[in-house]
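Below: one structure, written as structure tokens.
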Amino acid sequence: MTGKTTGRQYNAVIIGLGKMGQGFDYDRSDDAVIATHASAYIRHPGFELVAAVDHDPLQRKRFEVKFHRPAYPDLTSLMALHSPEVFSIATPVESHLPVFLDIMQHAATAIICEKPIAVTAQDGHRMWSLAEDRQCPLVVNYMRRFEPGSMEVRRMVRTKELGNVFKGSAWYSKGLLNNGSHFIDLLRFWLGDVTGVEVMNEGRRWEDIDPEPDLCLYFHETPVYMLAGREESFSIGKIELFCSGGIISYADFGNLIEIRRTCPSPLFEGYTILRPDREIVNTDLKRYQLHVLEGLYKHLTTGAELNSDGRSATETLEVIDRARGQLYKGVQ
């Protein structure tokens with residue numbers, strides 16, 4: 001992904017130059033961590049970063065100093081001088097819909113939108129249906145769907161390499177919409193549709209806005225218990241899938257993936273235990289944004305399926321809306 005390409009190259013712009021736009025890896029000059037749209041566009045040979053938009057003059061200046069491209073206060077100013085094909089929306093979630101609608105006034109080849117796709121599933125549905133009508137691929141940045149380690153877990157689950165998944169647990173912090181949606185979306189990627197949502201404990205609200213309930217998500221006959229941590233104590237993001245033939249442990253937000261298979265007990269005849277050794281699944285989560293771009297590039301050039309799009313992201317938001325409905329309205 002970091003070499004030269006002889007194929008098509010797409011001009012790209014970023015709208016929003018905060019943490020995901022350029023901030024998380026701004027002070028890095030290597031490619032060991034590729035955590036922002038700006039760094040990914042610079043390093044993927046299939047894209048040419050041409051400009052950016054942010055209302056904050058300090059962020060625009062930072063972008064111009066590091067990337068040697070112009071930055072503008074609004075999309076209208078940018079479009080007067082450039083003809084981008086791919087747009088990244090890296091603005092706060094409440095602005096995703098209006099920014100998306102602004103982009104739709106132009107001839108966009110593809111759009112990458114930060115997660116969650118919108119504040120409500122209704123807005124998300126409006127976005128992906130319009131994108132489909134315009135035949136404009138809309139990638140939603142649930143980056144774990146594109147990361148090789150997460151994709152290997154999906155393969156193992158779908159092929160039942162460790163047998164059937166009969167139960168799961170997950171921990172998240174920093175709000176159901178903000179961080180919890182990552183793990184709901186990832187569980188859906190691995191296990192399929194959520195067929196039931198039960199709020200077990202109302203919990204609190206992150207920054208008095210984003211709820212942090214304990215949930216039970218049902219994937220047909222498989223329950224996954226999703227529990228809220230406390231961000232001010234420590235960040236947490238982990239999933240364990242209990243299978244008839246072992247355990248899949250997705251720890252440290254996906255930086256560590258371990259497999260423990262079953263074996264007969266050497267001490268007690270007729271008993272089955274977990275083997276003491278752990279298999280490590282290779283991950284590349286620290287360069288997640290590069291994998292997202294690679295997924296989009298393959299879709300644009302070969303027609304490969306997108307692992308995350310507007311439709312799948314809206315379905316994840318619908319699960320969150322079902323939980324919020326129980327919290328706020330008593331809807332079951």
- Task: May I ask whether Trp206 and Val319 are part of the same hydrophobic cluster, defined by side-chain heavy atoms of I, L, V, M, F, W, Y residues being less than 4.5 angstrom apart, directly or through others?
- Result: no
Show which side-chain atoms of residues 137-149 pair as donor or acceptor with protein atoms under 3.5 Å away, not counting sequence neighbours.
| residue | atom | partner | partner atom | Å |
| --- | --- | --- | --- | --- |
| Asn141 | OD1 | Gln289 | NE2 | 3.2 |
| Asn141 | ND2 | Glu114 | OE2 | 2.6 |
| Asn141 | ND2 | Gln289 | OE1 | 2.9 |
| Tyr142 | OH | Ser181 | OG | 3.2 |
| Arg144 | NE | Tyr250 | OH | 3.1 |
| Arg144 | NE | Phe253 | O | 3.0 |
| Arg144 | NH1 | His182 | ND1 | 3.3 |
| Arg144 | NH2 | Phe253 | O | 3.0 |
| Arg145 | NE | Asp185 | OD2 | 2.6 |
| Arg145 | NH1 | Asn307 | O | 2.8 |
| Arg145 | NH2 | Asp185 | O | 3.4 |
| Arg145 | NH2 | Asp185 | OD1 | 3.3 |
| Glu147 | OE1 | Gly149 | N | 3.0 |
| Glu147 | OE1 | Ser150 | N | 2.9 |
| Glu147 | OE1 | Ser150 | OG | 3.4 |
| Glu147 | OE2 | Gly149 | N | 2.9 |
| Glu147 | OE2 | Asp284 | N | 2.6 |

- Message: Taking ring-ring contact (aromatic ring centres under 6.0 Å, His included) as the definition, give me every residue that meets it alongside Tyr72, ordered by chain and number, with sequence neighbours left out.
- Response: His82
- Does a side-chain heavy-atom distance below 4.5 Å link Leu290 with Asp31? no
- Is the closest basic N to carboxylate O distance between Arg311 and Asp309 below 4.0 Å? no
- Is there a donor-acceptor contact under 3.5 Å from the side chain of Ser88 to the main chain of His37? no
- Query: Does Glu294 come within less than 4.0 Å of Arg287, counting only side-chain N to carboxylate O?
  - Reply: no
- Item | SB check Lys174 Glu207 (cutoff 4.0 Å) | no
- Could you pull out all residues at least two apart from Arg158 that satisfy side chain to side chain donor-acceptor pair (under 3.5 Å)? none
- Start with the C-alpha distance between Leu97 and Arg126, add both sets of side-chain angles, then the distance that settles side-chain contact (heavy atoms from CB on, under 4.5 Å), and finish with yes or no. CA-CA 9 Å; Leu97 176 59; Arg126 182 181 178 188; 3.9 Å; yes
- Message: Quick one: does any side-chain atom of Asp54 pair with a main-chain N or O of Gln59 as donor and acceptor, under 3.5 Å?
- Response: no
- Query: Going through the distances and angles, do Phe47 and His44 end up as a ring-ring contact (aromatic ring centres under 6.0 Å, His included)?
  - Reply: CA-CA 6 Å; Phe47 299 89; His44 196 294; 5.2 Å; yes
- Salt-bridge contact Glu318-Arg324 (side-chain N to carboxylate O under 4.0 Å): no
- Query: Is Arg261 salt-bridged to Glu279, going by a charged N under 4.0 Å from an acidic O?
  - Reply: yes
- Task: Could you tell me whether Glu212 and Arg205 make a salt bridge, using a distance below 4.0 angstrom between a side-chain N and a carboxylate O?
- Result: no
- Query: Judged by atom type as modelled, is there a donor-acceptor pair below 3.5 Å linking the side chain of Lys66 to the main-chain atoms of Tyr26?
  - Reply: yes
- Query: What class does the angle between the rings of Phe67 and Phe63 fall in, given that below 30° is parallel, 30 to 60° is tilted and above 60° is perpendicular?
  - Reply: tilted
- Message: When you measure from the side chain of Arg134 to the backbone of Met104, do you find a donor-acceptor pair of N or O atoms at a distance under 3.5 Å?
- Response: yes
- Task: For Asp74 and Thr76, indicate whether the former's side chain and the latter's backbone hold a donor-acceptor pair under 3.5 Å.
- Result: yes
- Task: Let me see the working for Val197 and Tyr218 under side-chain contact (heavy atoms from CB on, under 4.5 Å), right down to the final yes or no.
- Result: CA-CA 6 Å; Val197 179; Tyr218 291 92; over 6 Å; no
